[in-house]
There are 2 protein chains.
Amino acid sequence: MLSETDVDRLFQALADATRRDILRRAVTGEHSVSQLAAHYAMSFAAVQKHVAVLERASLVTKTRRGREQLVTTDPTALARARELLEQVEDLWRHRVAAIDDLLAEEATGAPGRTGHPQH
Amino acid sequence: MLSETDVDRLFQALADATRRDILRRAVTGEHSVSQLAAHYAMSFAAVQKHVAVLERASLVTKTRRGREQLVTTDPTALARARELLEQVEDLWRHRVAAIDDLLAEEATGAPGRTGHPQH
DNA sequence: CATTTCTACAACCATATGGTTGCACGTTAC
DNA sequence: GTAACGTGCAACCATATGGTTGTAGAAATG
(Lines give C-alpha, C1' and ligand atoms only; values in the text may rest on other atoms or scores of the structure.)
Protein backbone atom coordinates (compact mmCIF):
# COMPACT_ATOMS: atom_id res chain seq x y z
CA MET A 1 0.00 0.00 0.00
CA LEU A 2 0.95 3.62 -0.35
CA SER A 3 1.71 5.68 2.71
CA GLU A 4 0.72 9.32 2.84
CA THR A 5 4.31 10.44 2.46
CA ASP A 6 4.59 8.25 -0.63
CA VAL A 7 1.68 10.16 -2.12
CA ASP A 8 3.30 13.42 -1.03
CA ARG A 9 6.48 12.51 -2.88
CA LEU A 10 4.56 11.39 -5.92
CA PHE A 11 2.66 14.65 -6.42
CA GLN A 12 5.65 16.68 -5.31
CA ALA A 13 7.70 15.04 -8.06
CA LEU A 14 5.04 15.95 -10.64
CA ALA A 15 4.85 19.57 -9.47
CA ASP A 16 7.75 20.80 -11.60
CA ALA A 17 7.76 21.41 -15.35
CA THR A 18 11.33 20.18 -15.83
CA ARG A 19 10.60 16.94 -13.99
CA ARG A 20 7.42 16.35 -15.98
CA ASP A 21 9.42 16.84 -19.17
CA ILE A 22 12.10 14.42 -17.98
CA LEU A 23 9.35 11.95 -17.18
CA ARG A 24 7.84 12.30 -20.65
CA ARG A 25 11.22 11.65 -22.24
CA ALA A 26 11.88 8.70 -19.95
CA VAL A 27 8.47 7.29 -20.79
CA THR A 28 9.09 7.35 -24.54
CA GLY A 29 12.59 5.93 -24.40
CA GLU A 30 15.75 5.31 -22.43
CA HIS A 31 18.07 8.23 -21.87
CA SER A 32 21.19 8.69 -19.80
CA VAL A 33 21.26 11.49 -17.26
CA SER A 34 23.70 13.51 -19.35
CA GLN A 35 21.55 13.05 -22.45
CA LEU A 36 18.59 14.39 -20.51
CA ALA A 37 20.66 17.25 -19.11
CA ALA A 38 21.58 18.40 -22.62
CA HIS A 39 17.97 19.50 -23.20
CA TYR A 40 17.72 21.97 -20.36
CA ALA A 41 19.26 25.35 -19.66
CA MET A 42 20.59 24.30 -16.30
CA SER A 43 23.59 22.50 -14.88
CA PHE A 44 24.07 18.75 -15.01
CA ALA A 45 23.86 18.60 -11.23
CA ALA A 46 20.45 20.29 -11.28
CA VAL A 47 19.08 17.70 -13.70
CA GLN A 48 20.67 15.01 -11.57
CA LYS A 49 18.69 16.31 -8.61
CA HIS A 50 15.45 16.32 -10.59
CA VAL A 51 16.03 12.71 -11.58
CA ALA A 52 16.68 11.90 -7.92
CA VAL A 53 13.33 13.43 -6.98
CA LEU A 54 11.58 11.32 -9.61
CA GLU A 55 13.46 8.28 -8.36
CA ARG A 56 12.50 8.93 -4.74
CA ALA A 57 8.87 9.09 -5.89
CA SER A 58 9.31 5.69 -7.59
CA LEU A 59 8.37 7.25 -10.92
CA VAL A 60 11.67 6.29 -12.57
CA THR A 61 14.51 3.88 -11.91
CA LYS A 62 18.14 4.07 -12.97
CA THR A 63 20.09 1.19 -14.46
CA ARG A 64 23.78 1.25 -15.26
CA ARG A 65 25.06 0.69 -18.77
CA GLY A 66 28.77 1.09 -18.92
CA ARG A 67 29.70 4.47 -17.56
CA GLU A 68 26.26 5.97 -18.05
CA GLN A 69 23.09 5.66 -16.05
CA LEU A 70 19.88 5.00 -17.96
CA VAL A 71 16.65 6.52 -16.67
CA THR A 72 13.55 4.38 -17.21
CA THR A 73 9.96 4.84 -16.10
CA ASP A 74 8.01 2.94 -13.51
CA PRO A 75 4.53 2.54 -15.03
CA THR A 76 2.84 1.27 -11.89
CA ALA A 77 3.52 4.52 -10.03
CA LEU A 78 1.87 6.52 -12.80
CA ALA A 79 -1.14 4.26 -12.70
CA ARG A 80 -1.40 4.64 -8.94
CA ALA A 81 -1.31 8.42 -9.18
CA ARG A 82 -4.15 8.36 -11.63
CA GLU A 83 -6.16 6.05 -9.40
CA LEU A 84 -5.83 8.49 -6.54
CA LEU A 85 -7.30 11.28 -8.60
CA GLU A 86 -10.06 8.98 -9.76
CA GLN A 87 -10.97 8.29 -6.15
CA VAL A 88 -11.44 11.99 -5.48
CA GLU A 89 -13.39 12.36 -8.67
CA ASP A 90 -15.68 9.51 -7.63
CA LEU A 91 -16.37 11.25 -4.34
CA TRP A 92 -17.38 14.35 -6.22
CA ARG A 93 -19.72 12.40 -8.47
CA HIS A 94 -21.47 10.97 -5.42
CA ARG A 95 -21.90 14.48 -4.12
CA VAL A 96 -23.50 15.58 -7.36
CA ALA A 97 -25.86 12.64 -7.15
CA ALA A 98 -26.80 13.58 -3.58
CA ILE A 99 -27.49 17.17 -4.60
CA ASP A 100 -29.65 15.97 -7.46
CA ASP A 101 -31.66 13.94 -4.99
CA LEU A 102 -32.17 16.93 -2.74
CA LEU A 103 -33.33 19.08 -5.63
CA ALA A 104 -35.77 16.39 -6.63
CA GLU A 105 -37.28 16.33 -3.14
CA GLU A 106 -37.63 20.09 -2.99
CA ALA A 107 -39.23 20.33 -6.40
CA THR A 108 -42.06 17.94 -5.55
CA GLY A 109 -42.30 18.76 -1.87
CA ALA A 110 -42.39 15.03 -1.28
CA PRO A 111 -40.55 13.55 1.70
CA GLY A 112 -39.17 10.43 0.02
CA ARG A 113 -37.84 10.95 -3.43
CA THR A 114 -40.44 11.20 -6.11
CA GLY A 115 -40.37 13.00 -9.41
CA HIS A 116 -37.75 14.92 -11.32
CA PRO A 117 -36.70 18.54 -11.05
CA GLN A 118 -37.77 20.37 -14.21
CA HIS A 119 -34.56 21.77 -15.73
CA MET B 1 -5.73 26.02 -21.70
CA LEU B 2 -3.49 25.24 -18.80
CA SER B 3 -0.10 26.90 -18.51
CA GLU B 4 2.84 24.99 -17.07
CA THR B 5 2.72 27.00 -13.87
CA ASP B 6 -0.96 26.13 -13.54
CA VAL B 7 -0.01 22.46 -13.64
CA ASP B 8 2.78 23.17 -11.15
CA ARG B 9 0.28 24.70 -8.74
CA LEU B 10 -2.16 21.87 -9.25
CA PHE B 11 0.24 19.08 -8.33
CA GLN B 12 1.88 21.22 -5.69
CA ALA B 13 -1.51 21.62 -4.02
CA LEU B 14 -2.04 17.86 -4.04
CA ALA B 15 1.41 17.16 -2.55
CA ASP B 16 0.33 17.59 1.06
CA ALA B 17 -1.71 15.16 3.16
CA THR B 18 -3.60 17.91 5.01
CA ARG B 19 -4.61 19.58 1.76
CA ARG B 20 -5.72 16.29 0.24
CA ASP B 21 -7.85 15.68 3.32
CA ILE B 22 -9.35 19.16 3.10
CA LEU B 23 -10.09 18.50 -0.55
CA ARG B 24 -11.84 15.22 0.28
CA ARG B 25 -14.00 16.96 2.85
CA ALA B 26 -14.77 19.81 0.49
CA VAL B 27 -15.72 17.31 -2.19
CA THR B 28 -18.26 15.52 -0.02
CA GLY B 29 -19.88 18.66 1.40
CA GLU B 30 -19.63 22.33 2.17
CA HIS B 31 -17.58 23.36 5.18
CA SER B 32 -16.48 26.70 6.54
CA VAL B 33 -12.78 27.29 7.08
CA SER B 34 -13.17 27.12 10.85
CA GLN B 35 -15.13 23.87 10.59
CA LEU B 36 -12.30 22.41 8.55
CA ALA B 37 -9.68 23.75 10.94
CA ALA B 38 -11.35 21.93 13.86
CA HIS B 39 -10.22 18.59 12.40
CA TYR B 40 -6.49 19.25 12.38
CA ALA B 41 -3.85 19.61 15.06
CA MET B 42 -2.63 22.93 13.77
CA SER B 43 -3.59 26.57 14.01
CA PHE B 44 -6.51 28.14 12.17
CA ALA B 45 -4.07 30.30 10.21
CA ALA B 46 -2.23 27.20 8.98
CA VAL B 47 -5.46 25.66 7.67
CA GLN B 48 -6.33 28.99 6.13
CA LYS B 49 -3.05 28.88 4.23
CA HIS B 50 -3.73 25.34 3.01
CA VAL B 51 -7.12 26.42 1.70
CA ALA B 52 -5.42 29.35 -0.04
CA VAL B 53 -3.05 26.94 -1.78
CA LEU B 54 -5.99 24.82 -2.96
CA GLU B 55 -7.74 27.98 -4.11
CA ARG B 56 -4.70 29.22 -6.04
CA ALA B 57 -4.64 25.84 -7.80
CA SER B 58 -8.32 26.32 -8.72
CA LEU B 59 -9.21 23.12 -6.88
CA VAL B 60 -11.61 24.87 -4.51
CA THR B 61 -13.48 28.16 -4.39
CA LYS B 62 -14.75 30.11 -1.41
CA THR B 63 -18.20 31.62 -1.17
CA ARG B 64 -19.42 33.85 1.66
CA ARG B 65 -22.40 32.87 3.78
CA GLY B 66 -22.88 35.40 6.50
CA ARG B 67 -19.72 35.71 8.51
CA GLU B 68 -18.31 32.38 7.40
CA GLN B 69 -16.57 31.36 4.21
CA LEU B 70 -17.69 28.08 2.62
CA VAL B 71 -15.10 25.99 0.80
CA THR B 72 -16.42 24.14 -2.25
CA THR B 73 -14.67 22.01 -4.85
CA ASP B 74 -13.98 22.79 -8.47
CA PRO B 75 -14.62 19.50 -10.27
CA THR B 76 -13.19 20.59 -13.60
CA ALA B 77 -9.71 21.07 -12.09
CA LEU B 78 -9.77 17.54 -10.70
CA ALA B 79 -10.76 16.18 -14.08
CA ARG B 80 -7.95 18.12 -15.77
CA ALA B 81 -5.39 16.73 -13.34
CA ARG B 82 -6.52 13.21 -14.10
CA GLU B 83 -6.35 13.89 -17.83
CA LEU B 84 -2.75 15.00 -17.50
CA LEU B 85 -1.80 11.74 -15.84
CA GLU B 86 -3.70 9.83 -18.48
CA GLN B 87 -1.64 11.55 -21.16
CA VAL B 88 1.57 10.35 -19.57
CA GLU B 89 0.11 6.89 -19.15
CA ASP B 90 -0.86 6.84 -22.83
CA LEU B 91 2.70 7.69 -23.79
CA TRP B 92 3.90 4.75 -21.78
CA ARG B 93 1.41 2.41 -23.40
CA HIS B 94 2.68 3.48 -26.83
CA ARG B 95 6.20 2.69 -25.70
CA VAL B 96 5.15 -0.75 -24.56
CA ALA B 97 3.49 -1.33 -27.91
CA ALA B 98 6.67 -0.25 -29.71
CA ILE B 99 8.76 -2.64 -27.62
CA ASP B 100 6.31 -5.44 -28.33
CA ASP B 101 6.69 -4.76 -32.04
CA LEU B 102 10.48 -4.96 -31.79
CA LEU B 103 10.29 -8.24 -29.92
CA ALA B 104 7.90 -9.63 -32.53
CA GLU B 105 10.30 -8.68 -35.34
CA GLU B 106 13.23 -10.27 -33.58
CA ALA B 107 11.31 -13.45 -32.83
CA THR B 108 10.43 -13.96 -36.50
CA GLY B 109 13.85 -12.99 -37.78
CA ALA B 110 12.45 -9.97 -39.60
CA PRO B 111 14.92 -7.75 -41.51
CA GLY B 112 14.90 -4.57 -39.48
CA ARG B 113 17.15 -5.82 -36.70
CA THR B 114 18.59 -9.26 -37.35
CA GLY B 115 19.96 -11.47 -34.66
CA HIS B 116 20.32 -11.05 -30.95
CA PRO B 117 23.29 -9.46 -29.27
CA GLN B 118 23.77 -12.04 -26.57
CA HIS B 119 26.90 -10.26 -25.32
C1' DC C 1 -23.85 49.01 23.01
C1' DA C 2 -20.40 44.92 24.17
C1' DT C 3 -19.07 40.33 23.16
C1' DT C 4 -18.17 36.50 20.66
C1' DT C 5 -17.22 34.16 16.25
C1' DC C 6 -15.17 33.71 11.81
C1' DT C 7 -12.06 35.51 8.93
C1' DA C 8 -7.93 38.06 6.96
C1' DC C 9 -3.33 39.26 7.13
C1' DA C 10 1.34 40.48 8.70
C1' DA C 11 5.63 39.18 10.97
C1' DC C 12 8.48 35.70 12.19
C1' DC C 13 11.02 31.14 12.23
C1' DA C 14 12.81 26.57 10.66
C1' DT C 15 13.26 23.74 7.04
C1' DA C 16 12.78 22.30 2.16
C1' DT C 17 13.54 23.35 -2.58
C1' DG C 18 15.91 24.57 -6.88
C1' DG C 19 19.68 26.28 -8.50
C1' DT C 20 24.93 26.97 -8.60
C1' DT C 21 30.17 25.52 -8.44
C1' DG C 22 33.79 22.47 -7.39
C1' DC C 23 35.90 18.07 -6.64
C1' DA C 24 36.42 12.98 -6.63
C1' DC C 25 35.76 8.56 -8.88
C1' DG C 26 34.77 4.89 -12.31
C1' DT C 27 34.67 4.01 -17.28
C1' DT C 28 35.82 4.51 -22.07
C1' DA C 29 38.98 6.07 -25.68
C1' DC C 30 43.55 7.37 -27.37
C1' DG D 1 49.28 5.88 -18.79
C1' DT D 2 46.60 10.12 -20.03
C1' DA D 3 42.71 12.37 -21.40
C1' DA D 4 37.85 12.81 -21.80
C1' DC D 5 33.32 11.50 -20.37
C1' DG D 6 29.48 10.45 -17.19
C1' DT D 7 28.34 10.39 -12.64
C1' DG D 8 27.92 11.23 -7.44
C1' DC D 9 28.19 14.26 -3.90
C1' DA D 10 29.19 18.18 -0.87
C1' DA D 11 28.98 23.13 0.05
C1' DC D 12 26.70 27.13 -0.72
C1' DC D 13 22.93 30.56 -1.80
C1' DA D 14 18.23 32.52 -2.61
C1' DT D 15 13.70 31.71 -2.25
C1' DA D 16 9.51 28.96 -1.17
C1' DT D 17 7.00 26.34 2.16
C1' DG D 18 4.62 25.10 6.42
C1' DG D 19 4.11 26.26 10.68
C1' DT D 20 3.58 29.73 14.65
C1' DT D 21 1.65 34.08 17.16
C1' DG D 22 -0.53 38.40 17.18
C1' DT D 23 -3.56 42.02 15.54
C1' DA D 24 -7.62 43.77 13.32
C1' DG D 25 -12.05 43.83 10.88
C1' DA D 26 -16.87 42.13 9.70
C1' DA D 27 -20.94 39.63 11.16
C1' DA D 28 -24.03 37.34 14.52
C1' DT D 29 -25.59 37.46 19.45
C1' DG D 30 -26.45 39.12 24.27
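Order of the sequence lines fixes the chain letters, A, B, ..., with proteins taken first and strands second; residue numbering starts at 1 for each chain.
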Q: Using atom CG of A:L54 as one end and atom C1' of C:dT17 as the other, report the distance to the nearest whole Å.
A: 14 Å
Q: Taking 4.0 Å as the cut-off, does a side-chain nitrogen or oxygen of A:S43 come that near to OP1 or OP2 on C:dT20?
A: yes
Q: Could you give the CG-to-C1' distance, from A:D16 to C:dT17, as a whole number of Å?
A: 10 Å
Q: Indicate yes or no: does A:R65 engage A:E68 in a salt bridge with an N to O separation below 4.0 Å.
A: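 Yes, this pair counts.
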Q: Does a nitrogen or oxygen in the side chain of A:H50 sit under 4.0 Å from OP1 or OP2 of C:dT17?
A: no
Q: Name the nucleic acid region contacted by A:T18, choosing base, sugar-phosphate or nothing; use a 4.0 angstrom heavy-atom cut-off, strictly under.
A: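 The residue A:T18 makes no contact with any strand.
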Q: Using 0.5 Å steps for rounding, measure from the CD atom of A:Q69 to the NZ atom of A:K62.
A: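 One gets 5.0 Å once the value is rounded to the nearest 0.5 Å.
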Q: Please test A:S3 against A:D6 for side-chain hydrogen bond (donor to acceptor under 3.5 Å, both in side chains), starting from the C-alpha separation and ending with a verdict.
A: CA-CA 5 Å; A:S3 74; A:D6 286 339; 3.2 Å; yes
Q: Mind calculating the distance between CZ (A:R9) and C1' (C:dT17) to the nearest angstrom?
A: 15 Å
Q: For the side chain of A:E68, counting heavy atoms from C-beta on, which of D:dG6, D:dG8, C:dT7 is nearest?
A: D:dG6
Q: Find the distance between CG (B:D16) and CG (B:D21) and round it off to the nearest 0.5 Å.
A: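 Result: 10.0 Å between the selected atoms.
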Q: Whole angstrom is fine here: how far is it from CD in B:Q35 over to P in C:dT5?
A: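 In whole Å, C:dT5 P and B:Q35 CD are 14 Å from each other.
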Q: With the side chain of B:A45 defined as its heavy atoms from C-beta on, choose the nearest nucleotide among C:dT17, C:dT20, D:dT20.
A: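 Nearest nucleotide to the side chain: D:dT20.
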Q: Quick check on DNA chain C: between A:R56 and A:R64, whose nearest nucleotide comes earlier from the 5' end?
A: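 On the 5' side of the pair lies A:R56.
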Q: Backbone N or O of B:Q12 within a donor-acceptor pair of the B:R19 side chain at under 3.5 Å?
A: yes
Q: Choose from D:dG18, C:dT27, D:dG8 the nucleotide whose nearest atom is closest to any side-chain atom of A:Q48.
A: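 Closest nucleotide among those given: D:dG8.
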Q: A:S32 has a side chain; which of C:dT5, D:dT7, D:dT20 sits nearest to it?
A: D:dT7
Q: Grab the CZ-P distance between A:R67 and D:dG8 for me, whole Å please.
A: 14 Å
Q: Heavy atoms from C-beta onward define the side chain here; which of C:dT7, D:dG8, C:dT20 lies closest to that of A:Q69?
A: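 Comparing C:dT7, D:dG8, C:dT20 against the side chain of A:Q69, the answer is D:dG8.
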Q: What is the nucleic acid contact for A:S34, judged by heavy atoms within less than 4.0 Å: base, sugar-phosphate only, or nothing?
A: sugar-phosphate
Q: Choosing from C:dT20, D:dT7, C:dA8, which nucleotide comes nearest the side chain of A:M42?
A: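 Nearest nucleotide to the side chain: C:dT20.
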Q: Rounded to whole Å, please give me the gap between OH in A:Y40 and P in C:dG18.
A: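 About 15 Å, once rounded to whole Å.
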Q: Let me spell it out: for each of B:R65 and B:Q12, pick the nucleotide of DNA chain D with the closest heavy atom. Which residue's pick is nearer the 5' end?
A: B:Q12
Q: Closer to the 5' end of DNA chain D via nearest nucleotide, is it A:F44 or B:A46?
A: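 Final value for this comparison: A:F44.
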Q: Whole Å only: how far is the CZ atom of A:R20 from the P atom of C:dG18?
A: 11 Å
Q: Rounding to a whole Å, what distance do you find between A:K49:NZ and D:dG6:P?
A: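 Going from A:K49 (NZ) to D:dG6 (P), I get 21 Å.
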Q: Has A:K62 got a side-chain N or O lying under 4.0 Å from the OP1 or OP2 atom of D:dG8?
A: yes
Q: Please walk me through it: do A:V71 and A:H31 pass side-chain contact (heavy atoms from CB on, under 4.5 Å)?
A: CA-CA 6 Å; A:V71 179; A:H31 305 268; 5.7 Å; no
Q: Picking from D:dG8, D:dG18, C:dG18, which would you name as closest to the side chain of B:R19?
A: D:dG18
